[in-house]
Each structure stands twice: as C-alpha cells, then as structure tokens.
Amino acid sequence: MANTAEQTRERFTNFTPYEAKKGEEYMSPEMLQHFRGLLMQWRQELMEEVDRTMHHMQEDAANYADPSDRASQEEEFSLELRTRDRERKLIKKIDKTIDRIDKDDYGFCDQCGVEIGIRRLEARPTATLCIDCKTLAEIRERQTGI
C-alpha cells in the first residue's frame, strides 16, 4: 500500500535547518539555495509517492467477485486518489514557489512586505504570508466563513 501524506510530510521534515551566518542578509543566495533544495526534495518525494500509488493501483487492481471486497478496494483507491490530488495541487504550489525564488520574490509577505522568517519558511516553504497576516486571514475566515 502507498504511504500516507503524513509519512511523506514526516520524511520531508528530515532536513538540516539553515543556520544564518552572523551579518548574513535575509534571503542571501545561500539561503535561497537552501530553500530551493528543500522545495526540490519535497517535490521529488511527492512525485515518487505518485509513482508508488500508480504502481500500487495497477498491481493490486483486482476484479473481486464479492461486492464487499470490491467496494473496499474501490474505497481504498478513492482515498489514495484524493490524497494524490491534494499532493498534485501542492506540487503546483511548490513549482510556483520555486519560480518566486528564481524571480527574487521569495521570503517576503505578499500583504505587508515584511520578512516571513526562516523558521516559518522551513516549516512551510510555500508560505506567502508572514505569521501576523496569516493569523489575521484565519480570523477573518472564521468570522466570515469564507
């Protein structure tokens, strides 16, 4: 059976945090390279997960005579496909983030322009909002239901 999204996320967290050198400028070339590497590794792991799912579904696909067995297999495949669809969207987001690195537009909040911060970006490399703007967006979302 293919690995779950949690297992993929767990593997991704196995990295060496970036240690900024004293006086190093925020989003220096070395820092950008660090984040590019994280994003490329994450993307690669997601693509490998897609391949594993495809092989799993091809190899384990069986036409069960028993309707309960067939329904169980269809439900399992359905869950895997939903997970892969979320990961496909994440891959697009990763690609957009890599493009932002290429355009020197990475690491700064889309709303207020302040530095997002190294640790936040390591926790969520695709983040486009600083923690304050993200918190406000979540509060607005809860209040309006949008």
Side-chain angles (χ1 to χ4, degrees), residues 1-20 26-27 29-146:
M1 182 194 253
N3 291 334
T4 64
E6 287 97 24
Q7 289 168 326
T8 300
R9 248 183 264 113
E10 210 173 88
R11 281 195 315 264
F12 174 70
T13 58
N14 187 19
F15 69 95
T16 304
Y18 186 80
E19 292 299 326
Y26 183 71
M27 287 301 133
E30 293 83 12
M31 205 177 291
L32 289 171
Q33 188 60 36
H34 169 75
F35 286 108
R36 177 188 300 283
L38 286 178
L39 289 160
M40 296 299 285
Q41 175 188 350
W42 195 11
R43 186 182 194 288
Q44 181 64 35
E45 289 173 1
L46 291 170
M47 294 301 289
E48 289 171 5
E49 196 63 35
V50 167
D51 289 342
R52 275 192 288 276
T53 297
M54 186 177 71
H55 292 298
H56 165 64
M57 291 179 77
Q58 288 172 346
E59 291 171 3
D60 292 354
N63 193 5
Y64 292 108
D66 181 43
S68 296
D69 290 340
R70 191 168 42 248
S72 294
Q73 183 184 49
E74 287 175 10
E75 182 62 22
E76 176 190 336
F77 285 176
S78 176
L79 289 170
E80 285 186 34
L81 289 173
R82 275 188 267 160
T83 300
R84 296 298 89 77
D85 187 52
R86 283 192 302 273
E87 290 175 349
R88 180 187 55 81
K89 291 174 186 173
L90 181 56
I91 289 170
K92 284 183 180 182
K93 201 171 186 180
I94 290 170
D95 289 340
K96 286 180 184 177
T97 303
I98 291 170
D99 189 48
R100 287 183 72 155
I101 289 174
D102 292 340
K103 294 178 179 176
D104 282 335
D105 190 31
Y106 180 72
F108 298 92
C109 180
D110 282 354
Q111 285 187 351
C112 68
V114 302
E115 297 174 0
I116 292 175
I118 296 171
R119 297 302 167 237
R120 173 160 166 67
L121 289 170
E122 284 182 333
R124 189 71 174 171
T126 57
T128 58
L129 300 175
C130 68
I131 196 70
D132 293 334
C133 289
K134 182 64 177 173
T135 301
L136 288 172
E138 288 173 354
I139 291 169
R140 276 193 295 273
E141 186 178 314
R142 276 193 300 261
Q143 290 175 343
T144 61
I146 296 175

From CD (Gln41) to CG (Leu39), nearest 0.5 Å: 10.0 Å
Flag, side chain of Tyr26 to backbone of Phe108, donor-acceptor distance under 3.5 Å: no
Side-chain donor/acceptor of Thr97 to backbone N/O of Lys93, under 3.5 Å: yes
Check against side chain to side chain contact (heavy atoms under 4.5 Å, CB included), Lys89 and Arg86: CA-CA 5 Å; Lys89 291 174 186 173; Arg86 283 192 302 273; 5.7 Å; no
Check: Glu138 and Lys134 side chains under 4.5 Å, non-hydrogen atoms: yes
Ile94 CD1 to Arg43 CZ distance, which is reported to the nearest 0.5 Å: 7.5 Å
Residue pair Thr126 / Lys96, side-chain heavy-atom distance below 4.5 Å: no
Main-chain N/O of Gly107 paired to Arg100 side chain as donor or acceptor, under 3.5 Å: no
Gap separating the CD1 atom of Ile116 from the CG atom of Asp110, nearest 0.5 angstrom: 7.0 Å
From Met40 atom CE to Ile98 atom CD1, the distance as rounded to the nearest 0.5 Å: 5.0 Å
Nearest heavy-atom neighbours spanning His34 and Pro17: CE1-C, 4.3 Å
Side chains of Gln33 and Glu30 in contact at under 4.5 Å (non-hydrogen atoms): no
Evaluation steps, side chain to side chain contact (heavy atoms under 4.5 Å, CB included), between Asp132 and Val114: CA-CA 10 Å; Asp132 293 334; Val114 302; over 6 Å; no
Within-4.5 Å side-chain heavy-atom neighbours: Gln111 and Cys130: no
Working for side chain to side chain contact (heavy atoms under 4.5 Å, CB included), residues Thr83 and Thr53: CA-CA 10 Å; Thr83 300; Thr53 297; over 6 Å; no
Side-chain heavy atoms of Trp42 within contact of Leu46, under 4.5 Å: yes
Ile139 vs Arg142 side-chain heavy atoms within contact, under 4.5 Å: yes
Residues Asp85, Arg82; criterion salt bridge (charged side-chain N to carboxylate O under 4.0 Å, His left out); working and verdict: CA-CA 5 Å; Asp85 187 52; Arg82 275 188 267 160; over 6 Å; no
Heavy-atom pair of closest approach, residues Glu122 and Thr16: OE2-O, 4.5 Å
Heavy-atom closest contact (Glu45 atom, Arg52 atom, distance): O-NH2, 4.4 Å
Qualifying residues under side chain to side chain donor-acceptor pair (under 3.5 Å), relative to Tyr18, sequence neighbours excluded: Glu24
Distance (rounded to the nearest 0.5 Å) between Leu81 CG and Glu87 CD: 11.5 Å
Side chain to side chain contact (heavy atoms under 4.5 Å, CB included) evaluation trace for Leu136 with Leu129: CA-CA 10 Å; Leu136 288 172; Leu129 300 175; over 6 Å; no
Leu121 side chain near Met27 side chain, heavy-atom distance below 4.5 Å: yes
